[in-house]
Amino acid sequence: MSSENTLINKRIRIRITQDHHQEPVISRLVSESGLTVNIKAAILGQNAVGDGWFDLDIQGTETQIQNGLTYLRKLNLQIWDENSISDW
């Protein structure tokens, strides 16, 4: 298997701002990037007043993961990864 097809795992946390509460952010992350996503924890109430967050394990190729992160950044969502875990 070539390195570009090797599956890798990455743990991220994303903040979902109020203006994205009604959008299918995670669904689009999966469908547009081809990632496998496991939601490890989340806070996002239906009538939430403030921001919510998702703690995710994502799996895919390096390209798929980069495409997924690009999608989240285009939404202007705050993203933390393993390197900034102390900031969680």
Side-chain angles (χ1 to χ4, degrees):
M1 183 189 284
S2 72
S3 62
E4 65 188 42
N5 292 325
T6 301
L7 294 179
I8 56 174
N9 293 306
K10 185 169 185 72
R11 183 174 172 203
I12 63 170
R13 179 172 286 178
I14 57 173
R15 176 176 288 156
I16 305 294
T17 56
Q18 279 187 289
D19 53 329
H20 290 94
H21 279 200
Q22 299 303 315
E23 293 185 33
V25 174
I26 304 302
S27 177
R28 287 185 182 145
L29 177 63
V30 170
S31 65
E32 293 180 12
S33 304
L35 293 169
T36 299
V37 174
N38 185 17
I39 300 171
K40 301 298 275 184
I43 295 178
L44 185 66
Q46 183 175 0
N47 298 317
V49 176
D51 296 345
W53 59 267
F54 284 94
D55 187 357
L56 306 173
D57 280 336
I58 57 177
Q59 181 184 55
T61 65
E62 182 66 35
T63 299
Q64 288 172 318
I65 289 175
Q66 290 308 314
N67 289 341
L69 293 175
T70 297
Y71 159 72
L72 295 172
R73 287 185 189 108
K74 284 182 181 176
L75 295 176
N76 293 317
L77 299 178
Q78 192 170 12
I79 305 166
W80 296 269
D81 63 13
E82 297 96 346
N83 297 325
S84 56
I85 210 164
S86 63
D87 297 333
W88 295 15

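Residue I16 is tested with L75, D51, V25 for a side chain to side chain contact (heavy atoms under 4.5 Å, CB included); the sole match is V25. Here the rule is side chain to side chain contact (heavy atoms under 4.5 Å, CB included) with L7, and of L35, T36, T61 only T61 fits it.
Partners of K40 under the salt bridge (charged side-chain N to carboxylate O under 4.0 Å, His left out) rule, at least two apart in sequence or in another chain, are D57.
I43 is not connected to L29 by any chain of hydrophobic side-chain contacts under 4.5 Å among Ile, Leu, Val, Met, Phe, Trp and Tyr, and they are in different clusters. Under the 4.5 Å side-chain heavy-atom criterion for grouping Ile, Leu, Val, Met, Phe, Trp and Tyr, L56 is connected to I8 within one hydrophobic cluster.
The structure places OH of Y71 at 5.5 Å from CZ of R28, a figure rounded to the nearest 0.5 Å. Between the CG atom in L69 and the CG atom in L77 there is a gap of 11.0 Å [rounded to 0.5 Å]. Of the inter-residue distances, the one linking Q18 atom CD with H20 atom NE2 reads 12.0 Å to the nearest 0.5 angstrom. How far CZ of R73 is from CD1 of I79: 5.0 Å, rounded to the nearest 0.5 Å. We find the CD1-CD1 distance between I14 and I26 to be 4.0 Å, quoted to the nearest 0.5 Å. In this structure, the separation between CG on D81 and CD1 on I65 is 11.0 Å, given to the nearest 0.5 Å.
Geometrically, R15 does not engage W53 in a cation-pi contact, judged by NZ or CZ lying under 6.0 Å from the ring centre and within 45° of the ring axis.
The two atoms that bring S33 and G68 nearest to each other are OG-CA, 3.1 Å, heavy atoms only.
The pair R11-D55 counts as a salt bridge, with a side-chain nitrogen and a carboxylate oxygen less than 4.0 angstrom apart.
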